[in-house]
Amino acid sequence: MNKKIRVRFAPSPTGELHVGNARTALFNWMFARHSGGAFILRIEDTDESRSALSYQINLYEDLKWLGLDLDEGPQIDSSYANGYYGPYKQSERLDIYKNHLQKLVEEDLVYPCYCTEKELEDERQALILSKRMPRYMGKCRNLTGDERKQRENEGRRPSFRFKVQPQVIEFEDLIRGAMKFEGGAIGDFIIMRSNGMPAYNFAVVIDDHLMNITHVIRGEDHLSNTALQMMLYKAFGFEPPTFAHHSLIFGKDRAKLSKRHGSVSVGEFRKQGILPEALINYLALLGSSFTEGREILSCEEMVKYFSLERTSKSGAIFDEEKLHWLNAIYIRNCKTEDLVERLRPFLQQAGFKTDVIDAKWLNQVIELVKTELTTLSEIGSYINIFFNDKYEMTEEARKILDSEKARKVIIAFNEYLKTAKENLQELYPAAIKCAKEKTGAKGKELFMPIRAALTGKTTGPELDKVFAIIGKEAALKRLKLATS
RNA sequence: GGUCCCAUCGUCUAGUGGUUAGGACGCUGGCCUCUCACGCCGGAAACCGGGGUUCAACUCCCCGUGGGACUACCA
């Protein structure tokens, strides 16, 4: 009988959710949803000095925004269900780690280490200087009971180290195939810190086992750690889960993706006006491929077609331009009413008071500029022409208006508007026709002056639509301004 | 230094011994058009190097080279 698949995303709340971690979360989520398994969140907050609750809250917001719903995890508010394998925060599982440490102590598989950080650092430096591999040489491994007592009396609090036996460690990785590690170079590593907090490799093994995790999907940066963890699985007699180590994301220069490459956290992309669907789609695409070379997929489709075998083994460079391309497509495909809702915070921020703007009119405006948008935050620069009759004129527009012929076009157009009786629909074509006949201008020389006068720019949506939105009164005002 | 991972256009990738090496972003030429955007049609652009194995290697093996990870009382 197959066990129910259970995967976990286990970040440490020490900063904003990085896209690399978001991608790991996504892989886990897709794997769980694809196989009908459970997606679990575990908070690895054993580093007290770096962890903060605010980051944890932030993490929940980001996951929710991305649409990665949890089956189990620490409860922050009622919208996130707890599960039966809690607590899901490592800082609340300290007793569990202590008990497990005790087992290993009794079996003599670990020993207390009284070295201070200074002593360890000195040892490291000495080894490096003598061109040997820096690692713990096992100074405290064979301390007698008396020696230990003596150190305790000095007030030293021990950390606990795992006794590493020289061995070859092998396991099967779902993405990379057969893995083999020469364990001879690994020094006795700390599993419990002197402050009573478990070290990463220790806590993961215990938690993954106790939480019945069947597949550990994580970044390649954990590949080497897996060897240490395998030793621990063996020591405890636990059956190890199946591992899958995916490749990492890099910046353009193949260096670790960091702030100097631009946005790197989910929050930053959200503020920039990237749609969650676009980010998800991009992250799923990065270092992966779907059937028939498809690139634009809904969440449902991604879940359906997802397979770890199709994720690439090599690292991938984060290409913000392609993300933007995807984002633009999602914006275009968004129903205008929905888009307006998503745009609201960005409009507010750009100084447009959306609550007093006529909804129907706003819809028309957005409909018109939809295809120009790459990110939501750019909205202001595309719609300001509809709001302000005293716009700023660009250099190009000014130039267009300078010519004598342009002036004539504007005057003819303006004159017609003043006296016209037609409704808004028929007004524009009629006025254009009039200007055309009176001046003999056509094509560019006919439309550009009007565009420049009406919008202050030489680029923008189709003029007839722009006209229909700003209306006759505003048009007259602008024409007057442009000719003065 | 040690252990380990990786290697197809600039970038993300398809490819599983025989292909004109395909697609996408970006770049670029054209069409559409008052302009920009969208859309449509076209173009340039890649198998890291050297040895094997084989009738035949991008594909399999070995060795280089290059990039990356880990090597913490961080995770």
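Just so we're on the same page: letters track the sequence lines, and every chain starts at 1.
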Within the 4.0 Å heavy-atom criterion, would you say A:Gly219 contacts the bases, only the backbone, or no part of the nucleic acid?
nothing
Value in whole Å for how far the C1' atom of B:U13 lies from CD1 of A:Ile249:
15 Å
Tell me whether the count of non-hydrogen atoms from other residues, nucleotides or ligands lying under 6.0 Å of CZ in A:Arg294 goes above 12.
yes
Mate of B:G26 where both pairing distances stay under 3.5 Å, Watson-Crick or G-U:
none
Within the supplied structure, the quantity of interest is the number of heavy atoms (other residues, nucleotides, ligands) at a distance under 6.0 Å from A:Glu154 CD; does it exceed 12?
yes
Hey, do the aromatic rings of A:Tyr200 and A:His222 have their centres closer than 6.0 Å?
yes
Using a strict heavy-atom distance below 4.0 Å, which residues from residues 175-188 of chain A are in contact with RNA chain B?
A:Arg176, A:Met179, A:Lys180, A:Phe181, A:Glu182, A:Ala185
Heavy atoms only, 4.0 Å cut-off, all strands: where does A:Glu462 land among base, sugar-phosphate and nothing?
base
Pairs meeting criterion salt bridge (charged side-chain N to carboxylate O under 4.0 Å, His left out) with involvement of residues 311-329 of chain A, two or more places apart
A:Glu295-A:Lys322
Going by purine N1 to pyrimidine N3 plus the second Watson-Crick contact, or the G-U wobble pair, all under 3.5 Å, which nucleotide sits opposite B:G66?
B:C6
Between A:Arg332 and A:Thr371, is any side-chain donor less than 3.5 angstrom from a side-chain acceptor?
no
Side chains of A:Asp207 and A:Tyr88, donor plus acceptor under 3.5 Å:
no
Would you say the ring centers of A:His246 and A:Phe27 fall short of 6.0 Å from each other?
yes
Nearest whole Å is fine: how far is B:C4 P from A:Glu170 CD?
11 Å
So which nucleotide does B:U35 pair with, by the Watson-Crick or G-U wobble rule with both distances under 3.5 Å?
none
Within residues 50-59 of chain A or reaching into it, pairs that qualify as salt bridge (charged side-chain N to carboxylate O under 4.0 Å, His left out) - sequence neighbours excluded
A:Asp47-A:Arg50
B:A56 pairs with which nucleotide, Watson-Crick or G-U wobble, both distances below 3.5 Å?
none
For the residue pair A:Phe243 and A:Phe171, does the interplanar ring angle fall in the parallel (under 30°), tilted (30 to 60°) or perpendicular (over 60°) class?
perpendicular
Are the side chains of A:Gln90 and A:Pro198 in contact, using a 4.5 Å heavy-atom criterion?
no
In this structure, how many angstroms lie between the P atom of B:U13 and the CZ atom of A:Phe250, rounded?
11 Å
Which nucleotide in B:C34, B:G39, B:C36 has an atom nearest any side-chain atom of A:Thr459
B:C36
Quick one: is the NZ or CZ of A:Arg161 closer than 6.0 Å to the six-membered ring centre of A:Phe189, and within 45° of its axis?
no
Minimal non-hydrogen separation, A:Trp325 against A:Ile296, with atom names
CH2-CD1, 4.2 Å
Between atom CG in A:Asp464 and atom P in B:U33, what is the gap in whole Å?
14 Å
Nearest whole angstrom, please: distance from the P of B:C38 to the CD1 of A:Ile296.
13 Å
If you measure only the distance, is there a donor-acceptor pair under 3.5 Å linking the side chains of A:Tyr330 and A:Asn281?
yes
For RNA chain B, find the residues of residues 91-98 of chain A with a heavy-atom distance under 4.0 Å and give them by number; none if there aren't any.
none
Is there a Watson-Crick or G-U wobble partner for B:G1 with both distances under 3.5 Å, and if so, which one is it?
B:U71
Short side-chain N/O contact to B:A69 OP1/OP2 from A:Ser224, under 4.0 Å
no
Here the distance between atom P of B:U35 and atom NZ of A:Lys399, to the nearest Å, is 18 Å
For A:Lys457, enumerate each residue passing the side chain to side chain donor-acceptor pair (under 3.5 Å) test, keeping only those at least two apart in sequence or located in another chain.
none
Sequence neighbours left out, cut at 3.5 Å: what donor-acceptor pairs do the side chains of residues 427-447 of chain A make with other protein atoms?
| residue | atom | partner | partner atom | Å |
| --- | --- | --- | --- | --- |
| A:Thr439 | OG1 | A:Ala435 | O | 2.7 |
| A:Thr439 | OG1 | A:Ala441 | N | 3.1 |

Aromatic ring proximity, centroids under 6.0 angstrom, A:Phe236 and A:His100
yes
Taking only side-chain nitrogens and oxygens of A:Ser247, does any of them come within less than 4.0 Å of OP1 or OP2 of B:C6?
no
Using only heavy-atom distances, determine whether the side chains of A:Arg218 and A:His245 contain a donor-acceptor pair under 3.5 Å.
yes
When you measure only distances, ignoring hydrogens and angles, does the side chain of A:Arg451 come within 3.5 Å of the base of B:C34 through a donor and an acceptor?
yes
So which protein N/O to nucleotides 72-75 of chain B N/O distances come out below 3.5 Å?
| residue | atom | partner | partner atom | Å |
| --- | --- | --- | --- | --- |
| B:A72 | OP2 | A:Arg124 | NH1 | 2.9 |
| B:C73 | O2 | A:Ser194 | N | 2.8 |
| B:C73 | O2 | A:Ser194 | OG | 2.8 |
| B:C73 | N3 | A:Ser194 | OG | 2.8 |
| B:C73 | N4 | A:Cys115 | O | 2.6 |
| B:C74 | OP1 | A:Arg193 | NH1 | 3.1 |
| B:C74 | OP2 | A:Arg193 | NE | 2.6 |
| B:C74 | OP2 | A:Arg193 | NH1 | 2.6 |
| B:C74 | O2' | A:Asp47 | OD2 | 3.1 |
| B:C74 | O2' | A:Arg50 | NH2 | 2.8 |
| B:A75 | OP1 | A:Thr46 | OG1 | 2.4 |
| B:A75 | OP1 | A:Arg193 | NH2 | 2.7 |
| B:A75 | OP2 | A:Tyr200 | N | 3.1 |
| B:A75 | O3' | A:Glu44 | OE1 | 2.7 |
| B:A75 | N6 | A:Asn225 | OD1 | 3.3 |
| B:A75 | N6 | A:Asn225 | ND2 | 3.3 |
| B:A75 | N1 | A:Asn225 | ND2 | 3.1 |

Determine: side-chain N/O of A:Arg310 to OP1/OP2 of B:G15, distance under 4.0 Å, yes or no.
yes
Heavy atoms only, 4.0 Å cut-off, all strands: where does A:Ser314 land among base, sugar-phosphate and nothing?
sugar-phosphate
Which donor-acceptor pairs under 3.5 Å do the side chains of residues 461-470 of chain A make with protein atoms, sequence neighbours left out?
| residue | atom | partner | partner atom | Å |
| --- | --- | --- | --- | --- |
| A:Glu462 | OE1 | A:Lys465 | NZ | 2.9 |

From NZ of A:Lys313 over to C1' of B:U16, roughly how many Å is that when rounded to an integer?
11 Å
Among residues two or more places apart or on two chains, list those pairs meeting salt bridge (charged side-chain N to carboxylate O under 4.0 Å, His left out) that have a residue in residues 175-195 of chain A.
A:Arg141-A:Asp188, A:Arg176-A:Glu220
Between B:C34, B:C38, B:C12, spot the one nearest the side chain of A:Met448, thanks.
B:C34
Every protein N/O lying under 3.5 Å from an N/O of nucleotides 57-59 of chain B:
none

Nearest-angstrom distance from the residue atom CE of A:Met231 to C1' of B:C4
13 Å
Taking protein heavy atoms under 4.0 Å as touching, what does nucleotides 20-29 of chain B look like 5' to 3' if B marks base contact, S marks sugar-phosphate-only contact and - marks none?
---BBSS---
Taking the basic N atoms (NZ, or NE/NH1/NH2) and the acidic carboxylate oxygens, is any pair closer than 4.0 Å for A:Asp253 and A:Arg260?
yes
Indicate, with a heavy-atom threshold strictly under 4.0 Å, whether A:Ser49 touches base, sugar-phosphate, or nothing.
nothing
List the protein contact pattern of nucleotides 62-67 of chain B with one symbol per nucleotide (5' to 3'): B for base contact, S for sugar-phosphate-only contact, - for none; contact means a heavy-atom distance under 4.0 Å.
-----S
Indicate yes or no: at least one non-hydrogen side-chain atom of A:Val110 is less than 4.5 angstrom from one of A:Leu101.
yes
